[in-house]
Amino acid sequence: MKILAIETSCDETAIALVDASGGLKRPRFKILKNLVASQIKVHRPFGGVVPSLAKREHIKNLQILFNKILKSKTNSPAGGLKPDIIAVTVGPGLEPALWTGIAFAKEIYRNLRLKTHPPAGGLKPKLIGVNHLEGHLYSFLLSQKTVNSKLFPSIALIVSGGHTILIKMDSLIKYKKIGETRDDAVGEAFDKVARLLGLPYPGGPEIEKLAKKGSPNAIDFPRPMIRQKNYDFSFSGLKTAVLYYLKNQKEDKNLSAASRNFGARRPTSEERFLSDVAASFQIAAFEVLISKTLRAVEEFKAKSIMVSGGVAANKTLSNEFRKALKSQSPTTRLLITKFPGDNAAMIAAAGHLNFLQGKNRRLVAKGDMSL
Ligand code: KG4
Ligand code: ZN
């Protein structure tokens, strides 16, 4: 089955073409094209995503990416794009941004139906609405050669700019949310702390870079809700703790938090200080994520952990997860997605699983759609 997928929920315009096979028990995916047009430069001056600008950029970029797909050699050898499924993100996300993808998908669908598709006896192309969070959840399938029952039960952790969710999975399609953040998502906390440190948007990669030069033990920031016997999270207090720490130190040492570029120079004491803040904040956030995930692993006797979402790109997070598993649960497998940031290949994977289950969502943007 060939799947054309479209993703426009936030600030990345993405289109992918993916071959899917193997059914619900052992789905397999081959990515033919996975195109992402990032809008970071457009939003950076505003310190975050501006919905009206995102909409404008999506409309422009969708056509550019789609033309690239049409021209690519990986397209149907018979010539012309003939997907069996068109999958499009319908939520959660910014509604004006989501609508651009939905409208574009509908138009492609209409045009395809007007042409000779389907081939004799073949399936009609199907238009499927996909939950962005299911896209993240299933993104690990894109790099997994085989999926089998040995991975389940599994605990999945989605860590992105909008969400922090812990999920218990009995199988690929039977899952239940067991906890989530009560305020800021962990990626959002990275973005906000980055702003406090004078770093550009998006803050996650910037904090990771800066933290490499600092000590995670320098400052003892709080680990919110780490001891509570539930699977919920809270990160806004941690961000506030960083804010007050910076304020106090600034008064003490008269530091400024302007934008800085270390280059190849030796770090000054101020730079060292900011790297310590970044490293100490990062480890505080990760310790909570890891501790709660491992407690769920223990309670539900999970055989694997699946980590996805933009924050899953962070190497310190995977290293810390590996270290903790080695000492606490060495037989549990750790699967970190190779497709952490927003992309359309993951929407194709989720679209395929939805299609196989006969599941579909209304083609209406739903900004607050939950998992
Ligand atoms: O999944 P994603 O691309 O978009 C959403 O669905 O939100 O996640 C974006 C988030 C941003 O908050 C960004 O700062 C964070 O992921 N992020 C990171 C890293 N790379 C991206 N956070 C920590 N470390 C990183 N290396
Ligand atoms: Zn996302």
Side-chain angles (χ1 to χ4, degrees), residues 5-14 16 34 36-40 43-44 47-49 51 54 58 89-94 97-98 101 130-140 142 156-165 180-181 183-197 199-212 216 233 235-236 238-239 278-279 281-290 306-321 336-347 349-350 367-371:
I6 296 169
E7 154 64 39
T8 60
S9 68
C10 192
D11 59 347
E12 320 275 15
T13 315
N34 191 16
V36 181
S38 169
Q39 303 177 4
I40 284 178
H43 299 290
R44 192 163 258 185
V49 182
H58 283 313
T89 306
V90 291
L94 304 167
L98 289 163
V130 172
N131 182 323
H132 179 83
L133 296 168
E134 270 195 356
H136 280 305
L137 182 65
Y138 292 132
S139 63
F140 83 97
L142 296 167
L157 174 69
I158 302 178
V159 275
S160 70
H163 297 86
T164 305
I165 308 178
E180 65 189 322
T181 182
D183 41 57
D184 291 354
V186 64
E188 188 179 354
F190 269 77
D191 294 336
K192 287 178 174 171
V193 168
R195 207 177 310 166
L196 297 176
L197 298 176
L199 300 166
Y201 172 85
E206 301 289 333
I207 295 227
E208 179 177 18
K209 220 182 332 168
L210 184 57
K212 287 202 175 101
F233 302 93
F235 292 103
S236 88
L238 173 57
K239 168 209 68 195
F281 155 75
Q282 180 173 260
I283 200 70
F286 289 167
E287 273 187 24
V288 184
L289 292 174
I290 292 169
M306 300 168 180
V307 189
S308 63
V311 183
N314 190 297
K315 291 286 173 285
T316 305
L317 178 62
S318 34
N319 291 340
E320 292 297 320
F321 248 124
I336 307 244
T337 185
K338 296 208 164 60
F339 298 84
D342 288 347
N343 64 85
M346 70 184 197
I347 302 304
D368 62 351
M369 182 177 276
S370 62
L371 190 66

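Order of appearance sets the numbers: ligands from 1, and atoms from 1 within every ligand. FYI, the numbering just counts along the sequence from 1. All figures in this text were calculated on a predicted structure; none of them were measured in a lab. Atom set for the values below is all heavy atoms of this structure, side chains included, hydrogens, waters and symmetry mates excluded.
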Would you kindly say whether H132 and E7 are connected by a side-chain donor-acceptor distance under 3.5 Å?
-> yes
Contact partition for H132 relative to ligand 1, non-hydrogen atoms under 4.0 Å =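 The answer is the side chain of H132.
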Taking non-hydrogen atoms only, is E12 closer than 4.0 angstrom to ligand 1 via side chain, backbone, both or neither?
->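 Looking at E12 and ligand 1, no heavy atom falls under 4.0 Å.
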Does at least one non-hydrogen atom of H136 fall below 4.0 angstrom from an atom of ligand 1?
->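 Contact present.
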Ring centroid separation F190 to F235 under 6.0 Å =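 Aromatic pair excluded; centres sit 6.0 Å or further apart.
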Can you see which heavy atom on F321 is nearest to which on I290, and at what distance?
-> N-CD1, 3.6 Å
Which atoms from ligand 1 have a heavy atom of [X] less than 4.0 Å away?
X	value
G162	7 (O)
G187	12 (O)
E208	25 (C), 26 (N)
F190	23 (C)

Please state which protein non-hydrogen atom is closest to [atom] and give its distance, to 0.1 Å?
atom	result
atom 2 (P) of ligand 1	D342 OD1, 3.4 Å
atom 15 (C) of ligand 1	V311 CG2, 3.9 Å
atom 18 (C) of ligand 1	G204 CA, 3.4 Å
atom 24 (N) of ligand 1	N314 ND2, 3.0 Å
atom 12 (O) of ligand 1	D191 OD2, 2.8 Å
atom 1 (O) of ligand 1	G310 N, 3.0 Å

Would L142 and M346 satisfy side-chain contact (heavy atoms from CB on, under 4.5 Å), going step by step from the backbone distance to the final call?
-> CA-CA 7 Å; L142 296 167; M346 70 184 197; 4.2 Å; yes
Is H136 close enough to the Zn ion (ligand 2) to have an N, O or S atom under 2.8 Å?
-> yes
Kindly confirm whether the Zn ion (ligand 2) is within less than 2.8 Å of some N/O/S atom in C10?
-> no
Within a strict 4.5 Å, meaning less than it, do heavy atoms of the [X] and [Y] side chains meet?
X	Y	answer
S160	E188	no
P92	D368	no
F281	L197	no

Within the structure, does [X] bring an N/O atom to less than 3.5 angstrom of an N/O atom in ligand 1?
X	value
G341	no
P202	no
G161	yes

Give a yes or no answer on whether the side chain of [X] reaches the backbone of [Y] with a donor-acceptor pair at less than 3.5 Å.
X	Y	value
T337	S308	no
N131	S370	yes
D191	G203	yes

Looking at H132, pick out the N, O or S atom nearest to the Zn ion (ligand 2) and give its name.
-> NE2
Of all N/O/S atoms in D342, the name of the one nearest the Zn ion (ligand 2) | OD1
Nearest-0.5 Å distance, CG of residue L157 to CE of residue M306 =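 That separation rounds to 12.0 Å.
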Crowded around K212 NZ? As in, over 12 foreign heavy atoms under 6.0 Å?
-> yes
